[in-house]
Each structure stands twice: as C-alpha cells, then as structure tokens.
There are 2 protein chains.
Amino acid sequence: MSTLGFALLSLLTRGPATGYELSQRMKAPIGHFWTAKHSQIYPELARLTELDWVTATEGEGPGPRAKKTYSMTRAGREALHEWLVQPPVSQPRSEVTLKAYAINSADPGAATALYEQVAAGAAATLAEYEAEAELMRQAGMDHADHPRFGNYAVLRMGIESQRALHTWAAWLAGRLRSGM
Amino acid sequence: MSTLGFALLSLLTRGPATGYELSQRMKAPIGHFWTAKHSQIYPELARLTELDWVTATEGEGPGPRAKKTYSMTRAGREALHEWLVQPPVSQPRSEVTLKAYAINSADPGAATALYEQVAAGAAATLAEYEAEAELMRQAGMDHADHPRFGNYAVLRMGIESQRALHTWAAWLAGRLRSGM
DNA sequence: GCCCACATGTAATCAGTTACATGATTCT
DNA sequence: AGAATCATGTAACTGATTACATGTGGGC
C-alpha cells in the first residue's frame, strides 16, 4: 500500500467521510506535509475497498453518481496500527534549497529579494500557525490523550519547519547583502 | 523543463561532469534536499542536450558505450540564471509528520520508541553536519563570494532542518511518555 | 574467482498533476 | 444569470523508482 493509502486511513480515524470530505480534511493541518488531488484520492479509495481496509455505504448524491461514505474496517485499523510505528523512509525535497546551491550563478540583487521574500513568507505562516496552536492549547489539544492531539503535533512540526526556514532564509539574505 | 533539469544544470556550475559523476555529486550536500537515480539522470541529460542547454564530448568508456562529459552552454547558463530567482512552488512532504497525525491510533510504547529514534537520528545527523560546516568555515566557504558558498548555504539548511526535526521529535516523545 | 567502482543505457511500474466530464443546490 | 460548493469519476501526461542489461579494470 502506498503512503497515500495510509494517509487516507489516518484521515478516517477522525470519523467516516466521503472522498470529497477527505480531500477537504487533507487541507489542514496535514496538508502542510502531505497533499493529494481528488483524482488521486478516488482511485485510492477503490483500492482500499478492494483490500477491505475500508467499506463504503452508498447514498443519494448531488450529481449523477451515488455519494459514498467510507469507514475504516478492523483490517484497516490493524494495517494503520502497524504502519504508524514503522520508521519512515521518505527524504524531503526542497526546491528553494536547491536554488541556493547554485546561488553564485544568480543575480545578487534578485537573489537577495527572493530570500527576503521567502523569509517574510515563513514569518507570516509562522504567525498564523502560532495563533492556531494557541487556540488548540486552549481546547486542551496539547495533551497526548486528547483525541485530536495528532492535529496539534502536526501543527507543531509546521511551526518548527517554518521557524527553520525563516532563520535560514533571513541568514542567507543577510549574507548576500553583506557580500554585495 | 523539470526541476531535475535545473538541478543538473546547478551541479554543472561546479564544472563539467559525466552522468555518473553528476549522480555522485548529487549525494552531498544537495542530496539532502533533492535526489535522482541514474535511470532518471541519463534521459534528462539527453533532453538538456536536445535543448542545447548542455553539450557532450564523447570519449572512451570503461564499458561498451562511450563516456560522455557534459558542459553547460551559454543558453543553459541563461536558463539557470532565470530559474534561480523564480519563487519556488513545491510543498514539502513528510511521512513522519503524517504518522504523527494518527498518533492516537498507535501503540503508545512503540510510538514513543519511534519518535525517540527519530530524535536520536536527527541529533546524530545534526552533529555530522555541524562538523562539516566547521570545516567549510575554515575553508572560507561561509562568505557569499566564495565559489562554493552554495554548498555551505545548503548545509546550513540541513542543519536548521535537522534541528527542527530533533526539537519536534524530542518534544513529541516527551509528551507521549507523560501521557502514558 | 569475486566484489567494487566506473560508466551508460532501457523497460516496466508506480505516484502525482492537469485536464476532461457531469450535474444538483445554494448564495449573490 | 452566474458563481461557489458539493460530489464522483476517467484520461493523458509527467515525474520518480525498481528492475533489467552490459562490460572493463583493480583490489583482495
């Protein structure tokens, strides 16, 4: 099973949902670290159904096709349970870091502007996440026994990532300015 | 042109190379943020050659085929120059963060062990990167005018990323222990 | 003799994005 | 009347991994 399959199972731990709702749920907070379009989600749900890791109950849809609400099965829960504690393998990809590798081939002014912009964007996103995290703490979501502690944990990673990006981009912009 | 194409051009700013050498060069430091197998690199070099962004000079190879050494052309340098200052679009993917989202469905003991392991791994990688960065500073690579400043900049992002990962994983492991 | 480094490719498959296709309800 | 939201799918294509395929030279 692909990572996306487990991502969908993870989303279903928050309760049954349609493919459409799963794609909405995927937006925040895990969308900061894993995304998929509906065109990838629907076939994946079909595969999960084949495996009997999820089941669908059909109902009246707004369009020409039936609306299907998916729930995890016992087998799905077991598969997820195992996957969750396997050491992760995927390595990150970062286009902005790749660009920094060839920075001496870039126009200094434009490059400085780019990394200042990246730093500013990271600062803005960070502020957003911090505000959301504060709301979550007020709801008690920062305790491991809260049913949506996972949302808080993911947001914390978002905060750490954006902080790292901000620190780095601001440092780089500064270096470029002093080297001009 | 795909991101990989620009990654290869970036690697060629360090001097002409064969496909094989490019795949070696890709290992460190940019391999921490962008990788490709040789099976993806060779066809991509062919596409870059079609575009006249690189040229190959052929020579005797160790195997049945000729060894080709690639160099960037003026057009390649111009294309890279433009790409370097375009705002990056790709969003990161993190399997370990995805797993944290469904943490309440995991076995608490195994999950604690997993995040402790992630934290320990990040600490080890961080120490490695710090040592390498110190060597680079001694070589003067921390100045924007040094021809390999890009290597140092990428390594700095590696340091910030590992620091963020370590902070987060250690925090999460601590939370899981206190919630047990 | 066997493994490793050097060196280059192709084929099959899987993962992910973009575009195409349909249609009801609700809000402006 | 037109746009947005709800809702589900397929087709075509691009990007990336795994597996197949070949062959030399050097070290143990």
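Every chain is numbered from 1, with letters handed out A, B, ... down the list of sequences. Heavy atoms only: backbone and side chains are in, while hydrogens, waters and symmetry mates are out.
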At under 4.0 Å, does any side-chain N or O of A/K68 touch on OP1 or OP2 of D/dT8?
-> no
Between P of D/dC13 and CD of A/Q40, the distance in whole Å | 18 Å
Of A/T18 and B/T3, the one whose closest nucleotide on DNA chain D sits nearer the 5' end is A/T18
When you get a sec, tell me which of C/dG16, D/dT10, D/dT17 is the closest nucleotide to the side chain of A/S39?
-> D/dT10
Atom of B/V54, atom of B/T73 and distance for their closest heavy-atom approach | C-CG2, 3.8 Å
Hey, what are the protein-to-nucleotides 24-28 of chain C N/O distances that come in under 3.5 Å?
unit_1, atom_1, unit_2, atom_2, d
C/dA24, O4', A/P62, O, 2.4

Check whether the ring centres of B/Y115 and B/W171 lie less than 6.0 Å apart, and answer yes or no.
-> no
Starting from C1' on C/dC6, measure out to CZ on B/R25 and report it in whole angstrom.
-> 15 Å
Between CZ of A/R47 and P of C/dG16 the distance, given in whole Å, is 10 Å
OP1 or OP2 of C/dT8 under 4.0 Å from side-chain N/O of B/Y20 = no
Between A/L8 (CG) and D/dT8 (P), how many Å, whole number?
-> 13 Å
Determine: side-chain N/O of A/K67 to OP1/OP2 of D/dT8, distance under 4.0 Å, yes or no.
-> no
Steps toward side-chain contact (heavy atoms from CB on, under 4.5 Å) verdict (A/R14, B/Y101) | CA-CA 10 Å; A/R14 304 296 195 269; B/Y101 179 75; 3.3 Å; yes
Hey, which sits more toward the 5' end of DNA chain C by its nearest nucleotide, A/P64 or A/L4?
-> A/L4
Send over the distance from B/Y42 OH to D/dA16 P, rounded to a whole Å.
-> 18 Å
Does D/dA16 have OP1 or OP2 sitting under 4.0 Å from an N or O in the side chain of A/R93?
-> yes
Is the ring centre of A/Y129 less than 6.0 Å from the ring centre of A/H32?
-> yes
Ionic contact status for A/K67 with A/E21, cut-off 4.0 Å = no
In whole angstroms, the gap separating C1' of C/dA21 from CZ of A/R65 amounts to 8 Å
State, yes or no, whether a side-chain contact exists between B/R175 and A/F149 at a heavy-atom distance under 4.5 Å.
-> yes
Nearest-nucleotide wise, let me know which of B/Y70 and B/Q24 is further upstream toward the 5' end of DNA chain C.
-> B/Q24
Whole Å only: how far is the CD atom of B/E44 from the C1' atom of D/dT17?
-> 15 Å
Hey, does the side chain of B/Q86 reach the backbone of B/W83 with a donor-acceptor pair shorter than 3.5 angstrom?
-> no
B/I41 CD1 to C/dA7 P: how many Å, rounded?
-> 14 Å
Could you please name the option among D/dT18, D/dA7, C/dA7 that lies closest to any side-chain atom of B/K37?
-> D/dT18
